[in-house]
Protein chains: 2
Amino acid sequence: MKETIPENPPLGLLLRLVHQHWTQAVDNALDAAGFGDIRPPHANVFTFTPAEGIQVSELTKLAHVRKQTMTQAVEELEKLGYVERRPDPNDRRGRLVFLTGRGKAVRPIASATGRKVDERWAELTSAEEMETLRQALRLLFEKVRDDVPARPASDTDG
Amino acid sequence: MKETIPENPPLGLLLRLVHQHWTQAVDNALDAAGFGDIRPPHANVFTFTPAEGIQVSELTKLAHVRKQTMTQAVEELEKLGYVERRPDPNDRRGRLVFLTGRGKAVRPIASATGRKVDERWAELTSAEEMETLRQALRLLFEKVRDDVPARPASDTDG
DNA sequence: GTCAGATAGTAAGGTACCTGTCTAATATCA
DNA sequence: TGATATTAGACAGGTACCTTACTATCTGAC
């Protein structure tokens, strides 16, 4: 069945459907590149981990996910041999995440999948159309994030 | 911490953040209306259930979620006393979902929360801006949904 | 009339997020 | 310097989606 959508769909439905497609497209791109063991949440780690290492807490801020989500992504990549964690010499509470040799080899592909999906979608519509969408989403997010707190801040969390 | 986003964020990040805000805003609106026991996925049931009853399969097509997701929403609303299920007289495989008296009383509020969030967001930006976004998402979805199947169709599922 | 294939619903299980609470280590400042 | 607040990370648990696999029933082609 073709996923027909009503004439004037609730915004939430559109956001959900497009976001689902995006996630799936990234997953497909990773598979196509031969990295079936890397899933979308892992891509953030490749994108944001610098050579000097980085704490999980920092990664959560860059990727805008919660600590447990990022911790899990890092743990999985550690098991797969793409990253390793070592104590932070400057902060005994923390551990630094580093890419392994294998991780460094994968990084250009893994961190580029998001961009590739963007490019493919620009082919299907147009670069202008994608830019319009991106700007509309950015503007909306800037405006609404300060409205009656959308997600009440946790006490203990970022 | 203010959720600052990079200058040129991946589209997936924007989609996720805005969608999360939307869901949370609907949840807040339901709470504010005094229906803390109704959560966003339930709203679809109120929106799409007609007086003559409807099968869960039909609801899944209207709301664009999978059978189990909708089944769960209906089961929860049944426990809460908002809907009831009766055998479909025309199809012994199926059961029809009906709103109870209580469900009918709630419907106008529950099914309107999505629209209310849309309106609030239009106040925060502008009606034109929201329409631009909606059209951009619609256009994109129409174009990409036929590209290399985003979610390979299941054998057994709609 | 029978039988292949579609469809309604159920069940079991997975993913990517989220929350709250807790411990250890660090930073602050009266 | 000692009380207090903050931060890093671990752990337990929840939500809203998803998939695959199964049974019962219906439908349409022969």
Side-chain angles (χ1 to χ4, degrees), chain A residues 1 12-13 15-17 19-24 26-27 37-45 53-61 63-76 78 85-97 149-158, chain B residues 1 3 12-13 15-17 19-24 26-27 37-45 53-61 63-76 78 85-97 150-158:
Chain A
M1 161 200 166
L13 174 59
L15 289 166
R16 175 162 55 80
L17 291 175
H19 182 237
Q20 280 174 358
H21 264 266
W22 201 85
T23 304
Q24 190 63 51
V26 168
D27 209 28
D37 53 355
I38 300 178
R39 286 172 303 93
H42 298 145
N44 290 322
V45 179
I54 187 170
Q55 288 189 349
V56 166
S57 313
E58 279 305 304
L59 284 173
T60 67
K61 286 173 195 159
H64 291 82
V65 296
R66 293 298 188 247
K67 282 187 294 188
Q68 187 175 354
T69 302
M70 185 54 74
T71 299
Q72 190 185 334
V74 169
E75 277 170 0
E76 287 166 1
E78 192 173 34
R85 281 182 292 187
R86 302 201 287 269
D88 184 337
N90 300 317
D91 186 339
R92 273 187 297 165
R93 291 170 305 180
R95 305 165 74 186
L96 293 177
V97 178
R151 188 187 322 128
S154 161
D155 294 336
T156 60
D157 217 354
Chain B
M1 163 203 163
E3 303 181 10
L13 175 58
L15 289 166
R16 175 161 56 80
L17 291 175
H19 182 238
Q20 280 174 357
H21 264 267
W22 201 86
T23 305
Q24 189 63 52
V26 169
D27 209 28
D37 53 355
I38 302 180
R39 284 171 303 93
H42 298 144
N44 290 323
V45 179
I54 188 170
Q55 289 188 347
V56 166
S57 312
E58 279 305 304
L59 284 174
T60 66
K61 287 172 195 159
H64 291 82
V65 295
R66 292 299 188 246
K67 281 187 296 188
Q68 188 177 354
T69 302
M70 186 53 75
T71 299
Q72 190 185 335
V74 169
E75 278 170 356
E76 287 167 0
E78 192 173 34
R85 281 181 292 186
R86 301 202 288 268
D88 185 338
N90 300 317
D91 187 341
R92 272 187 297 165
R93 292 170 304 180
R95 305 164 73 186
L96 292 178
V97 178
R151 186 188 321 129
S154 160
D155 293 336
T156 61
D157 216 354

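To find a chain, count down the sequence lines: A is the first, B the second, and so on, and within it residues start at 1.
- Heavy atoms of A/Thr23 sit nowhere under 4.0 angstrom from any nucleic acid atom.
- The two residues B/Asp27 and B/Ile38 make their nearest non-hydrogen contact at OD1-O, 4.2 Å.
- The CZ atom of A/Arg85 lies 7.0 Å from the OG1 atom of A/Thr71; values are rounded to the nearest 0.5 Å.
- Across all non-hydrogen atoms, the minimal contact from B/Ala63 to A/Leu13 is O-CD1, 3.7 Å.
- B/His19 has its NE2 atom 17 Å from the P atom of D/dT15, to the nearest Å.
- Among the atoms of the strands shown, only primed sugar atoms or phosphate atoms (P, OP1, OP2) are found under 4.0 Å from some heavy atom of A/Asp91.
- Each of D/dA10, D/dA12, C/dC17 was ranked by its minimum atom distance to the side chain of A/Lys67; first place goes to D/dA10.
- B/Gln72 and B/Glu76 are linked by a side-chain donor-acceptor pair at a separation below 3.5 angstrom, with hydrogens and angles left out of the test.
- Below the 3.5 angstrom threshold, one finds no donor paired with an acceptor across the side chain of B/Arg92 and the base of D/dT25.
- Distances from the side chain of A/Gln55 to the nucleotides C/dG9, D/dA8, C/dT19 place D/dA8 closest.
- Taking only side-chain nitrogens and oxygens, B/Gln20 comes nearer than 4.0 Å to OP1 or OP2 of C/dC18.
- When rounded to the nearest whole Å, the span between CG of B/Asn90 and C1' of C/dT7 equals 15 Å.
- Of the side-chain N and O atoms in A/Arg95, one or more sit less than 4.0 angstrom from OP1 or OP2 of D/dA10.
- Separating the NZ atom of B/Lys61 from the C1' atom of C/dA8 is a distance of 10 Å, rounded to the nearest angstrom.
- In the interface, the side chain of A/Arg93 is not paired with the base of C/dT26 through any donor and acceptor atom under 3.5 Å apart.
- Proximity of B/Thr71 to the phosphate of C/dG9: no side-chain N or O atom is located under 4.0 Å from OP1 or OP2.
- One interatomic measurement links the two molecules: CD of A/Gln24 to C1' of C/dT15, which rounds to 12 Å at whole-angstrom precision.
- Rounding to whole angstrom units, CG of residue A/Asp27 and P of D/dC18 are separated by 15 Å.
- Contacts of A/Thr69 with the nucleic acid, taken as non-hydrogen atoms under 4.0 Å apart, include base atoms.
- D/dG9 atom P lies 10 Å from atom CD1 of A/Ile54, rounded to whole Å.
- Each of A/Pro41 and A/Gln68 lies near DNA chain C, and the nucleotide nearest A/Pro41 is the one positioned closer to the 5' end.
- In this structure, the CG atom of B/Leu96 is 15 Å from the C1' atom of D/dT25, given to the nearest Å.
- Here the CG atom belonging to A/Asp88 is positioned 5.0 Å from the CD atom belonging to A/Gln55, to the nearest 0.5 angstrom.
- Between B/Leu13 atom CG and C/dC17 atom P the separation is 10 Å, expressed in whole Å.
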